[in-house]
Amino acid sequence: MTYDTAIPAATALLTSDRAPAHEAFNGRMYIDGAWTESADQQRFERRSPAHGHVVSSFPEATPADVERAIQAADLALRHGPWSKLKGAERARILLAVADGIKARVDRMSLLESLETGKPLAQARGEVAGCIDLWQYAASLARTTSGDAYDTLGEDMLGIVLRQPIGVVGLITPWNFPLWILSQKLPFALAAGCTCVVKPSELTSSTTVMLMEILEQAGVPAGVVNVVTGKGPSVGQPLAQHDAIDMLSFTGSTRVGSLLGGLASQKLKKVALELGGKNPQIVFPDCDWDAMIDAVVFGVYFNAGECCNSGSRVLVHESIAERFAQAVVERARRVPVGDPLHPECKIGAIVSENQLVEILGNIDKGVAAGARLRLGGKRYEANGLYLEPTVISGVAPDMSIAREEIFGPVLAIIPFSDTQNAIDIANDTAYGLSAAVWSNDINTCLTVARGVDAGTVWVNTFLDGYPELPFGGFKSSGVGRELGKQAVEDYTETKTIQLHIGERKNWWLPRQAA
Ligand code: NDP
């Protein structure tokens, strides 16, 4: 790519004199209530993408280890006490897990920051936020119930039970390791399910640490099992094994559709949280300062490595140039650098592969005729850092407008009127989230109703609450997490029909003469 030297310089990289001194985390797998190495004793390491040193290491699970974990979960489901405990008892244990996370926020957030490259202060907020997810799941453990029908006639009572769906395979990604696990695991446990968890090989520490917390909180052996290692060898069996009843996956649309297909062939229930190309739609009458802040936050939060990243901004054509200049001016000052620096807002990119992938996407956009306004380069530094990038003049048919980039790259696309904005917003394969910025309630509601998205923010961006369901339309996923149905999603219904009194015969044999 030829780099336009006229574009403003991005902020200088923040460096920290705080040495990331800490002992590497020596993770083990947790199978049937025991801490274990892999059957062949092989291990792999994770290095900090910001500093290069070894942060943690884990066993590389063999097929025999994965089989053992699945068998343990299956046995615990059928013969263990977990699915038969009172809701109140399961809730008590989930609350104890929440307390256990609270007691380890510092250690867990440091490991998340070092493994993912995200700012330490942000990691702390996420780990602390998980406490609320476990507490919310505990409340649902006591209140989720079946149904009764006393409306079927005098001789019939219908009862609908909600029973645990069974053994759930949970596969999680590297961008929000503990948070995404906490959107799944406590709700599966509240339902009475047993689980096998496979974290991303890049970020397994907090998942393993969580097992120490579960053990201390009193989760019985076999109820939750963790296997560590690579996706295809360790994760894929969770989509295919006969003893797995449900697969819950968060990650790329490519792997999600592969695993969803495999699991569906075996008629398993599937929940998929996948990618997004989420539009923020900006009208001229919006609160300008709030909008500019939310656009910059929306695309650079977690270095853009976020399924909800606001990676496309659709701007009314009358303000497109003013908007591009304002966003560049704000973006070039966002602090980028060492995730341990207290001022850091954009840390390191998770891996060299991811960084190369992002740069390739920027090149494609520029080659297609879009205009690079800021960034577009990696920093000359030891860590994996990318300049906050802004690209304007993006046409809706360019790949940069349609494909998930998963990096700090903003694409600015002009629109002419409300319907045109909705049409452009909906013209991708994705449908995870969107935002609308306007002070006109009619505009906001028209856009909110018209866009294909599981979540629409109005004059705000990226807020989230356990009470509100989360998930995507179209290629962004299948099913919803969170919300008051979060536990029901991990159940099967069973209908019981109770006859009362004498039953009328279908047929009576004729009396012998
Ligand atoms: P993946 O979808 O490859 O990884 C997500 C999880 O699936 C990880 O635990 C991974 O394990 C596992 N996995 C990978 N391949 C398989 C497989 N064949 N069978 C079973 N499990 C598998 O995402 P990446 O980490 O490679 O990221 C690539 C892209 O995915 C990103 O650029 C982004 O676009 C998107 N993504 C979206 C996320 C979201 O929140 N929606 C989260 C992360 C990524 P392992 O890491 O060990 O390979």
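Ligands are counted one by one from 1 in listed order, and the atoms in each one are counted from 1 as well. Keep in mind the model is a prediction, meaning the values are calculated, not measured.
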| request: Please lay out, stage by stage, how Arg378 and Glu352 fare under the test salt bridge (charged side-chain N to carboxylate O under 4.0 Å, His left out). | output: CA-CA 11 Å; Arg378 62 195 296 165; Glu352 178 67 26; 3.0 Å; yes
| query | Yes or no on salt bridge (charged side-chain N to carboxylate O under 4.0 Å, His left out) for Glu201 and Arg46, after CA distance, side-chain angles and deciding distance? | reply | CA-CA 8 Å; Glu201 77 199 72; Arg46 172 60 177 157; over 6 Å; no
| Trp174 and Thr116: side-chain donor and acceptor closer than 3.5 Å? | no
| By number and element, which atoms of ligand 1 are closer than 4.0 Å to a non-hydrogen atom of Glu404? | 33 (C), 34 (O), 35 (C)
| Does ligand 1 have an atom under 4.0 Å from some heavy atom of Gly229? | yes
| task | State whether the number of non-hydrogen atoms from other residues, nucleotides or ligands found under 6.0 Å of Lys345 atom NZ is greater than 12. | result | no
| said: Measuring from non-hydrogen atoms of Phe176 to any atom of ligand 1, is the shortest distance under 4.0 Å? | reply: no
| note | In ligand 1, the atoms that come under 4.0 Å of a heavy atom of Leu274 are 41 (N)
| Is a donor on one side and an acceptor on the other found under 3.5 Å between the side chain of Arg47 and the backbone of Gly52? | yes
| task | Identify, for atom 9 (O) of ligand 1, the protein heavy atom at the shortest distance, and state residue, atom and that distance. | result | Thr172 O, 2.7 Å
| Is a side-chain donor-acceptor pair under 3.5 Å present for Glu126 with Gln122? | yes
| said: Within a 6.0 Å radius of atom CD on Glu380, are there more than 12 heavy atoms belonging to other residues, nucleotides or ligands? | reply: no
| said: Tell me the contacting part of Ile405 for ligand 1: side chain, backbone, both, or neither, using a 4.0 Å heavy-atom threshold, strictly below. | reply: neither
| query | Taking the minimum heavy-atom distance to atom 11 (O) of ligand 1, which of Glu305, Lys198, Glu201 ranks first? | reply | Lys198
| field | Whether Leu258 lies under 4.0 Å from ligand 1, heavy atom | value | yes
| Heavy atom of protein inside 4.0 Å of atom 4 (O) of ligand 1, strictly below | no
| task | Taking only heavy atoms of Cys307 into account, list the atoms of ligand 1 that are under 4.0 Å away from them. | result | 39 (C), 40 (O), 41 (N)
| query | If you count the atoms of ligand 1 from 1 in the order shown, which ones are under 4.0 Å from a heavy atom of Gly235? | reply | 20 (C), 21 (N)
| query | Does Lys364 come within less than 4.0 Å of Glu403, counting only side-chain N to carboxylate O? | reply | yes
| note | Among non-hydrogen protein atoms, atom 22 (C) of ligand 1 lies closest to Gly231 CA, 3.3 Å
